[in-house]
Amino acid sequence: MNVVVLTGAGISAESGVPTFRGSDGLWEGHRIEDVASPSGFARDPQLVHQFYNGRRALLTGGSVQPNPAHFALARLSRARGIHLTLVTQNIDDLHERAGSEDVRHLHGELLKARCNRCGAVTPCREDLSRASICPACGGIDCLRPHVVWFGEMPFGLDEISAALSRADLFVAIGTSGLVYPAAGFVAWAKEAGARTLEINLQESAASGTFHESRRGPAGELVPRWVDELLAGTKDQG
Ligand code: OAD
């Protein structure tokens with residue numbers, strides 16, 4: 001069985017990583033275009049570095065750990081009879097820390113930096129600033145977070161689209177369904193004949209598009225759903 005899972009900020013909420021959109025539409029008090037666009041970075045690189053430095057420090061500080069939803073997906077990825085493609089919009093590394101391999105980070109990774117001069121992508125656990133030096137080319141003031149900003153192309157779309165076209169089951173977990181192309185994956189999967197399931201604390205912008213929606217915290221619902229799926233595939237096998 002080919003399963004494609006798309007995760008969003010909601011899966012990491014119970015791990016202590018804040019979701020993006022507050023009720024005021026701001027990201028931790030910032031306008032999205034100020035901290036997540038190439039023009040925002042050109043206008044005020046220090047502000048953008050500070051914003052991502054804060055999120056990176058949270059991730060590396062020890063208080064944020066994978067939760068049962070991340071572990072359940074890692075278990076699913078190792079199950080016999082299931083081919084899982086795990087796509088995340090999250091820039092944290094919690095899926096990897098829970099044991100998932102080959103995670104498709106559509107929107108990049110916070111623990112990597114990219115050089116605007118030589119293009120190298122390098123590990124990054126420290127704060128970035130205009131004084132940071134690229135470990136690959138030695139350039140200064142040329143590193144940026146390896147994340148996708150508005151107006152930029154998400155990573156890995158060709159492979160993801162191929163996986164969606166083969167999917168028997170598509171599951172979206174903890175995502176608001178507002179940001180494309182990810183918000184369109186449910187329609188692609190349905191077009192390919194997949195069954196579709198949403199797991200979210202609340203109704204999302206895309207809820208009406210799914211065959212089934214389950215409401216509740218990912219940390220409870222995802223392990224339950226994985227148990228169900230594995231029990232079902234065992235019965236068939
Ligand atoms: P959002 O912050 O837009 O939405 C988080 C979703 O998670 C909401 O639908 C919540 O209802 C749900 N949620 C919150 N807590 C939950 C829990 N404990 N269990 C289950 N669901 C829960 O985050 P995303 O949809 O991931 O892109 O945002 C998509 C993209 O918008 C991000 O990747 C980012 C941002 O722009 C870029 O940076 C390019």
Side-chain angles (χ1 to χ4, degrees), residues 1 3-29 32 54-79 82 84-101 103-107 109-111 167 169-179 182-186 189 194-233:
M1 178 191 251
V3 181
V4 178
V5 170
L6 169 71
T7 64
I11 198 169
S12 296
E14 290 155 73
S15 293
V17 181
T19 56
F20 282 93
R21 290 169 185 78
S23 52
D24 50 8
L26 298 178
W27 285 13
E28 296 174 23
I32 294 173
R55 294 189 79 99
R56 191 181 301 106
L58 182 69
L59 216 52
T60 55
S63 64
V64 166
Q65 298 296 335
N67 68 55
H70 298 103
F71 286 112
L73 292 177
R75 188 156 55 89
L76 184 63
S77 72
R78 293 188 293 267
I82 302 252
L84 174 69
T85 303
L86 178 55
V87 183
T88 187
Q89 296 168 93
N90 298 343
I91 57 178
D92 65 51
D93 63 342
L94 294 178
H95 284 305
E96 285 89 348
R97 281 204 244 163
S100 286
E101 289 168 15
V103 182
R104 317 293 162 106
H105 282 273
L106 192 65
H107 293 163
E109 294 169 76
L110 189 54
L111 298 185
L169 175 63
F170 172 77
V171 185
I173 302 168
T175 174
S176 56
L178 290 169
V179 176
F185 289 175
V186 55
R195 182 159 180 83
T196 57
L197 166 68
E198 175 187 62
I199 296 177
N200 198 305
L201 202 53
Q202 296 165 353
E203 188 168 344
S204 79
S207 292
T209 319
F210 288 83
H211 291 110
E212 184 189 349
S213 285
R214 298 185 185 181
R215 303 260 170 276
E220 283 175 29
L221 295 198
V222 175
R224 205 178 298 161
W225 164 69
V226 167
D227 287 346
E228 252 173 54
L229 185 66
L230 294 182
T233 47

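All figures in this text were calculated on a predicted structure; none of them were measured in a lab.
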For residues P18 and L58, determine if any side-chain heavy atom of one lies less than 4.5 Å from a side-chain heavy atom of the other. yes
If you take all heavy atoms of A205 and G177, which pair is closest and at what distance? CB-O, 3.8 Å
Tell me if a side-chain donor or acceptor on N67 pairs with a main-chain N or O of S12 at a distance below 3.5 Å. no
Less than 4.5 Å apart, any side-chain heavy atom of L76 and any of W225? yes
CG/L178 to OG/S204 distance, rounded to the nearest 0.5 angstrom? 7.5 Å
Tell me, please, which residues at least two apart from T85 pass side chain to side chain donor-acceptor pair (under 3.5 Å). none
Partners meeting side chain to side chain donor-acceptor pair (under 3.5 Å) with R56 (sequence neighbours left out): N53
Give the C-alpha distance, both sets of side-chain angles, the deciding distance and a yes or no for side chain to side chain contact (heavy atoms under 4.5 Å, CB included) between R215 and S207. CA-CA 10 Å; R215 303 260 170 276; S207 292; 3.3 Å; yes
Mind checking the CG-CZ spacing from L6 to R104? Nearest 0.5 Å is all I need. 13.0 Å
Under 4.5 Å between any side-chain heavy atoms of E220 and I199, yes or no? no
Working note: L111 + T60, criterion side chain to side chain contact (heavy atoms under 4.5 Å, CB included); need CA distance, chi angles, decisive distance, verdict. CA-CA 9 Å; L111 298 185; T60 55; 3.9 Å; yes
From E198 atom CD to E203 atom CD, the distance as rounded to the nearest 0.5 Å: 8.0 Å
Do H95 and H105 touch side chain to side chain, with heavy atoms closer than 4.5 Å? no
Show, in sequence, the C-alpha distance, side-chain angles and deciding distance for F185 and L106, and conclude whether the side chain to side chain contact (heavy atoms under 4.5 Å, CB included) test is met. CA-CA 12 Å; F185 289 175; L106 192 65; 4.1 Å; yes
Counting neighbours of CD on E101 that are heavy atoms of other residues, nucleotides or ligands and sit closer than 6.0 Å, is the number greater than 12? no
Does the pair T88 and E109 meet the rule for a side chain to side chain contact (heavy atoms under 4.5 Å, CB included), with working shown? CA-CA 10 Å; T88 187; E109 294 169 76; over 6 Å; no
Return the CD1 to CG distance between I173 and L73, rounded to the nearest 0.5 Å. 4.5 Å
In Å and rounded to the nearest 0.5 Å, what is the CG to CG distance from L59 to D92? 5.5 Å
Sidechain-backbone polar pair: E96 side chain, V103 backbone, donor-acceptor under 3.5 Å: no
To check you understand the geometry: which heavy-atom pair defines the closest contact between G10 and A218, and what is its length? O-CB, 4.4 Å
So does I11 get a backbone contact from the side chain of E14, meaning a donor-acceptor N/O pair under 3.5 Å? no
To the closest 0.5 Å, what do you measure between CD1 (I82) and OG1 (T233)? 4.5 Å
Would you check if there is a donor-acceptor pair between the side chains of T196 and H211 at a distance under 3.5 Å? yes
Please give me the minimum heavy-atom distance between L86 and S100, naming the atom from each residue. CD2-OG, 3.6 Å
Which heavy atom in A79 sits nearest to a heavy atom in L230, and how many Å separate them? CB-CD2, 3.4 Å
L201 versus P217, closest heavy-atom pair with distance: CD1-N, 3.6 Å
What residues form a side-chain contact (heavy atoms from CB on, under 4.5 Å) with P66, not counting sequence neighbours? H70, F71, L94, R97, A98
